[in-house]
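Heads up: the structure comes next, in structure tokens.
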Amino acid sequence: MPAVIPPVVGHDDGYFWDGVAAGRLLLQRCADCGRLRQPPSPMCPNCRSLRTDTQESSGKGTVYSWILSHHPTEADAQPRIVVLVDLEEGVRLVSNLIEVDESEVDNGMAVEVCFRQFDGGVTLPQFRPVGR
Ligand code: ZN
């Protein structure tokens, strides 16, 4: 796998990267009203609580939208399918779609998370079509 830029782990998303390291896709949940939110944020937009916990995602969802991204460097010459996934828990996540040719990608396609380790030891959640 090619190298990727390592994530910058902040106060609000440390749980996410701890989950990724353990092969789990964790979502931020308000500890007061229970609403899930993605991307992570310090305050619940529903009840303004600052208390958070997490919920593990099934990792299953559908493609909401996607693009084919071309990077302008030789070190990262392969285009990537960047995808917006509607997780079945009701939040949307940006990721990459792998193990599929761009000609097969369509909005509404059923996808599931998988975890890939890249050169340099960075692990990222990726998505692939269900059943691959
Ligand atoms: Zn809340």
Side-chain angles (χ1 to χ4, degrees):
M1 291 283 165
V4 296
I5 298 171
V8 177
V9 180
H11 175 76
D12 294 323
D13 65 356
Y15 74 89
F16 182 85
W17 297 109
D18 290 344
V20 168
R24 302 170 67 203
L25 187 63
L26 297 179
L27 303 173
Q28 188 183 52
R29 180 176 57 197
C30 176
D32 286 311
C33 75
R35 180 177 284 196
L36 295 171
R37 57 185 190 263
Q38 175 64 34
S41 61
M43 180 181 285
C44 176
N46 185 49
C47 75
R48 299 185 183 152
S49 172
L50 298 175
R51 296 186 336 114
T52 62
D53 62 10
T54 59
Q55 174 181 320
E56 184 167 4
S57 170
S58 68
K60 296 187 183 310
T62 56
V63 172
Y64 174 76
S65 186
W66 65 280
I67 62 165
L68 188 64
S69 173
H70 297 268
H71 292 258
T73 64
E74 287 186 30
D76 197 9
Q78 290 296 319
R80 295 181 189 163
I81 300 171
V82 178
V83 67
L84 265 177
V85 176
D86 276 336
L87 292 172
E88 61 182 19
E89 290 83 6
V91 294
R92 199 168 275 163
L93 185 72
V94 177
S95 186
N96 295 323
L97 187 61
I98 61 173
E99 299 179 18
V100 64
D101 186 83
E102 66 182 272
S103 66
E104 301 175 66
V105 182
D106 202 2
N107 295 348
M109 167 185 259
V111 294
E112 62 187 2
V113 75
C114 57
F115 296 90
R116 289 290 162 98
Q117 186 164 17
F118 292 83
D119 292 348
V122 177
T123 300
L124 296 176
Q126 308 279 271
F127 283 80
R128 62 187 173 203
V130 169
R132 301 267 166 128

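Values reported hereafter were calculated over all heavy atoms of this structure, with side chains retained and with hydrogens, waters and symmetry mates removed.
Within the 4.5 Å cutoff, no side-chain heavy atoms of Thr54 are placed close to those of Leu27. When side chains are defined from C-beta on, Ser49 does not count as touching Cys33, because their heavy atoms never get closer than 4.5 Å. Proximity of Leu93 to Leu25: side-chain heavy atoms (C-beta onward) are separated by under 4.5 Å at one or more points. The shortest distance between side-chain heavy atoms of Leu87 and Phe127 falls below 4.5 Å. Using a 4.5 Å heavy-atom threshold, the side chains of Val111 and Val83 count as separate. Counting heavy atoms from C-beta on, the side chains of Ser41 and Gln28 come closer than 4.5 Å.
Residues passing the salt bridge (charged side-chain N to carboxylate O under 4.0 Å, His left out) test with Asp53 are Arg29, sequence neighbours excluded. Val9 is linked by a side chain to side chain contact (heavy atoms under 4.5 Å, CB included) to Asp13, Trp17, counting only residues two or more places apart in sequence or in another chain. Checked against side chain to side chain contact (heavy atoms under 4.5 Å, CB included), Asp18 has no partners two or more places apart in sequence or in another chain. When the salt bridge (charged side-chain N to carboxylate O under 4.0 Å, His left out) test is applied to Arg37, no partner is found at least two apart in sequence or on another chain.
Taken to the nearest 0.5 Å, the CZ atom of Phe118 stands 4.0 Å off from the CD atom of Gln126. Distance check, rounded to the nearest 0.5 Å: CG of Asn96 to CZ of Arg80 gives 5.5 Å. Taking OG of Ser57 as the start and CD of Gln38 as the end, the distance is 9.5 Å to the nearest 0.5 Å. Remark: Phe16 CZ to Leu26 CG distance equals 8.5 Å, nearest 0.5 Å. With values rounded to the nearest 0.5 angstrom, Thr52 atom OG1 is found 10.0 Å from Asp32 atom CG. If you take OG on Ser95 and CD1 on Ile81, they are separated by 11.5 Å, rounding to the nearest 0.5 Å.
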Query raised in the report: Please walk me through it: do Cys30 and Cys47 pass side-chain contact (heavy atoms from CB on, under 4.5 Å)?
Result: CA-CA 9 Å; Cys30 176; Cys47 75; 3.6 Å; yes
Report task. Could you give me the CA-CA distance, side-chain angles and deciding distance for Phe115 and Val20, then say whether side-chain contact (heavy atoms from CB on, under 4.5 Å) is met? Result -> CA-CA 7 Å; Phe115 296 90; Val20 168; 4.1 Å; yes
Report task. Start with the C-alpha gap between Arg128 and Arg116, add the side-chain angles, then the distance that decides, and say whether side-chain contact (heavy atoms from CB on, under 4.5 Å) holds. Result -> CA-CA 11 Å; Arg128 62 187 173 203; Arg116 289 290 162 98; 4.1 Å; yes
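Residue Val130 is found outside any hydrophobic cluster, as its side-chain heavy atoms come under 4.5 Å of no other Ile, Leu, Val, Met, Phe, Trp or Tyr. Cluster partners of Tyr64 are Ile67, Val82, Leu84, Val94, counting Ile, Leu, Val, Met, Phe, Trp and Tyr whose side-chain heavy atoms approach within less than 4.5 Å, directly or via other members.
A donor and an acceptor atom, one from each side chain of Ser58 and Glu88, are located under 3.5 Å apart.
Contact between Glu56 and Glu89 at its shortest, heavy atoms only, is O-OE2, 4.2 Å. The heavy-atom pair separating Val122 from Pro7 by the smallest distance is CG1-CD, 3.8 Å. In plain terms, the two heavy atoms of Pro125 and Val113 that are nearest each other are CB-CG2, 3.9 Å. Between Pro129 and Val100, the shortest heavy-atom contact is CG-CB, 3.7 Å.
Although no hydrogens or angles enter the test, the distance criterion places no donor-acceptor pair under 3.5 Å between the side chain of Glu112 and the main chain of Gly61.
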